[in-house]
Amino acid sequence: GVYILNKRDKLRQAYEFTLDHIGLDFHSTPLWVEYIEFLQQENPQGSYAENLKIQSIRKAYQQAVTSPKINIEQLWKDYNSFEQNVNKMAAKKLIESQSRPYICAKRASHEYDAITRGLVRGGTSVPPQGTLQESQQLQIWHRYFNWE
């Protein structure tokens, strides 16, 4: 049979497509937050649908907190609160299972932030002028490339 997607399903697919392609980007945090809020707004009918909603939110949080990104600490706090609100008994085990990947992502986030601090992205490309600012930018870019 033909399955017609409603607007919400289409929007969910669009979020998932986008996050599959740019969800690992360091600056993708606002998109993850928006997607999780979108999932939380779902109004499921019945316990099976409620479980699917919880699983979707959990999966989104777990993906978001295990790769380096800005404000990862806030995502982690939000994830912890989510698990505590769902089931206090299961929360500890679920949070512990994500703790090591989160700590690694957090460490990498701080390193990335320190290494790229002061980097001007998206500047206009012009022939070198030999200025101090160009020299500083070149140093930051080299530091970043060596870190990568």
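For the single chain, residues carry numbers from 1 onward in sequence order.
Using modelled atom types, one side-chain atom of Thr29 and one backbone atom of Ile70 make a donor-acceptor pair closer than 3.5 Å. Between the side chain of Gln40 and the main chain of Ile57, no donor-acceptor pair closer than 3.5 Å is present.
Ile36 and Phe26 end up in different hydrophobic clusters when Ile, Leu, Val, Met, Phe, Trp and Tyr side chains are linked at under 4.5 Å. Grouping the Ile, Leu, Val, Met, Phe, Trp and Tyr side chains by contacts below 4.5 angstrom, directly or via other members, places Tyr35 apart from Phe17. In the hydrophobic clustering of ILVMFWY residues, with side-chain heavy atoms under 4.5 Å counting as a link, Leu24 and Tyr79 come out apart. Connection of Val65 to Ile22 is established within a shared hydrophobic cluster, with ILVMFWY side chains joined at heavy-atom distances below 4.5 Å, either directly or through further cluster members.
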* Decide yes or no on side chain to side chain contact (heavy atoms under 4.5 Å, CB included) for Val86 and Arg58, but give the supporting numbers first. => CA-CA 10 Å; Val86 169; Arg58 179 175 290 132; 3.9 Å; yes

* To do: Start with the C-alpha distance between Lys69 and Tyr112, add both sets of side-chain angles, then the distance that settles side chain to side chain contact (heavy atoms under 4.5 Å, CB included), and finish with yes or no.
  => CA-CA 9 Å; Lys69 55 185 52 67; Tyr112 176 87; over 6 Å; no

* Asked: Run the side chain to side chain contact (heavy atoms under 4.5 Å, CB included) check on Leu94 and Gln98 step by step: do they pass?
  -> CA-CA 7 Å; Leu94 288 162; Gln98 297 303 308; over 6 Å; no

* Determine, step by step, whether Tyr15 and Leu11 satisfy the side chain to side chain contact (heavy atoms under 4.5 Å, CB included) criterion, reporting the C-alpha distance in whole Å, the side-chain angles of both residues, the deciding distance to 0.1 Å, and the verdict. => CA-CA 6 Å; Tyr15 272 118; Leu11 191 53; 3.9 Å; yes

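Note that CD of Gln63 is 7.5 Å distant from CG of Asp20, once rounded to the nearest 0.5 Å. Note: Trp141 CH2 to Ile115 CD1 = 13.0 Å, rounded to the nearest 0.5 Å. In this structure, Glu83 CD and Lys93 NZ are separated by 12.5 Å, a value rounded to the nearest 0.5 Å. To the nearest 0.5 Å, atoms CH2 (Trp32) and CG (Leu19) are separated by 4.5 Å.
Ion pairing of Glu111 with Arg107 is absent here, as no side-chain N (NZ or NE/NH1/NH2) approaches a carboxylate O to less than 4.0 Å. In this structure, Glu73 does not pair ionically with Lys106, as no charged nitrogen and carboxylate oxygen lie closer than 4.0 Å.
Contact check for Ile95 versus Gln84: side-chain heavy atoms found under the 4.5 Å cut-off.
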